[in-house]
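Working notes for the structure below.
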Amino acid sequence: GAGVSQSPSNKVTEKGKDVELRCDPISGHTALYWYRQRLGQGLEFLIYFQGNSAPDKSGLPSDRFSAERTGESVSTLTIQRTQQEDSAVYLCASSPFSGGGDTQYFGPGTRLTVL
Amino acid sequence: DAKTTQPNSMESNEEEPVHLPCNHSTISGTDYIHWYRQLPSQGPEYVIHGLTSNVNNRMASLAIAEDRKSSTLILHRATLRDAAVYYCILRDPFGNQFYFGTGTSLTVIP
């Protein structure tokens, strides 16, 4: 079946512009995660959605970052007034449930470059 | 807040077994041990997970120490396609986060 998809695959923007990144999870997956991965580093948790519950936003680095998800469908991550330090690969993952034994399925990521 | 310690890099010869170690001395009684790997320019992919007992699947085996303070991912016959960064992760079933850390970069030598 179809996996997690993300768009765009690459995004180049100028400092100060807003960007919107999209994630299409696997159908039926209730949990959705966003991560950031800077060059040569591990994944940094940003935000978590579980069904219709309030999202866990504890990983968002500043108030310039926000994300939305309607029900168990598409999610968008928005970065306002982008800065050069926002340059990274942004990864989305979905999971059929949330718990100790859950498995996350990752998308290919969106590579964001802020000039 | 990475809770695991892994070597930065390892090398293996093709078609030989690989043992990737992970220390997690602060593991709680309910934490699951997960392994993911990330091939170049791709998102991470699930490899295996376990709680207390050793686990086997088509990709790998997971050996968990009796005190659960360490674990080892075993690739039985390394291939060139196994070259990746391998992440050992503790999964708190009551939390929302996976702490990926920096992982072990595995190089497979032909």
Side-chain angles (χ1 to χ4, degrees), chain A residues 3-7 9-10 21 23-26 29-51 53-61 67 69 88-111, chain B residues 1-9 22 24 27-53 55 57-60 62 64 68 71 84-106:
Chain A
V4 177
S5 62
Q6 293 186 246
S7 60
S9 55
N10 282 284
L21 312 180
C23 172
D24 283 84
I26 294 172
H29 281 197
T30 60
L32 187 146
Y33 302 78
W34 282 98
Y35 295 89
R36 177 171 70 179
Q37 186 172 33
R38 292 194 166 112
L39 186 64
Q41 299 188 19
L43 278 69
E44 176 187 4
F45 167 80
L46 295 177
I47 190 169
Y48 161 79
F49 295 91
Q50 172 62 47
S53 302
D56 177 354
K57 304 180 182 179
S58 60
L60 294 179
R69 186 186 189 199
V89 175
Y90 290 82
L91 291 156
C92 172
S94 70
S95 177
F97 64 95
S98 183
D102 57 346
T103 299
Q104 295 194 0
Y105 297 82
F106 283 83
T110 293
R111 181 176 299 278
Chain B
D1 289 0
K3 306 174 187 176
T4 62
T5 304
Q6 299 177 253
N8 288 332
S9 62
C22 181
H24 29 78
I27 190 170
S28 75
T30 55
D31 284 344
Y32 284 70
I33 301 161
H34 285 243
W35 284 82
Y36 281 72
R37 72 180 186 181
Q38 187 172 23
L39 279 65
S41 301
Q42 295 187 26
E45 66 173 343
Y46 168 80
V47 178
I48 200 166
H49 77 276
L51 183 60
T52 57
S53 303
V55 184
N57 66 21
R58 63 175 180 82
M59 289 182 70
L62 176 59
I64 301 173
R68 301 206 328 125
S71 62
V85 177
Y86 287 78
Y87 296 97
C88 169
I89 301 154
L90 296 186
R91 177 73 169 114
D92 172 5
F94 305 109
N96 301 327
Q97 300 190 21
F98 275 63
Y99 296 100
F100 272 77
T102 54
T104 296
S105 178
L106 175 66

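Computed from a predicted structure; not experimentally measured. Just so it is clear: chains get the letters A, B, ... in the order the sequence lines come, proteins before strands, and each one is counted from 1.
- When the side-chain hydrogen bond (donor to acceptor under 3.5 Å, both in side chains) test is applied to A:Gln6, no partner is found at least two apart in sequence or on another chain.
- At a 4.5 Å heavy-atom cutoff, the contact between B:Tyr87 and chain A is made by side-chain atoms alone.
- Using a 4.5 Å heavy-atom cutoff, the side chains of B:Ser41 and A:Val89 are not in contact.
- For a residue to count as touching a neighbouring chain, one of its non-hydrogen atoms must lie under 4.5 Å from one of that chain's; by this rule A:Tyr105 does not touch chain B.
- Closest approach of B:Pro44 and A:Leu91 over heavy atoms only: CD-CD1, 4.0 Å.
- Counting heavy-atom neighbours within 6.0 Å of A:Arg111 CZ, excluding the residue itself, gives a total of 12 or less.
- In terms of modelled atom types and a separation under 3.5 Å, the side chain of B:Tyr36 and the main chain of A:Gln104 share a donor-acceptor contact.
- By number of non-hydrogen pairs under 4.5 angstrom with chain B, the leading residue of A:Gly101, A:Gly42, A:Ser58 is A:Gly101.
- Heavy atoms only, all atoms of each residue included: B:His34 and A:Asp102 are closest at CE1-O, 2.8 Å.
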Could you give me the CA-CA distance, side-chain angles and deciding distance for A:Gln41 and B:Thr102, then say whether side chain to side chain contact (heavy atoms under 4.5 Å, CB included) is met?
-> CA-CA 6 Å; A:Gln41 299 188 19; B:Thr102 54; 5.6 Å; no
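- When ring centroids are compared, B:Phe100 and A:Phe45 stay outside the 6.0 Å threshold.
- Both the backbone and the side chain of A:Leu43 come within less than 4.5 Å of a heavy atom in chain B.
- At least one side-chain heavy atom of A:Gln37 sits less than 4.5 Å from a side-chain heavy atom of B:Gln38.
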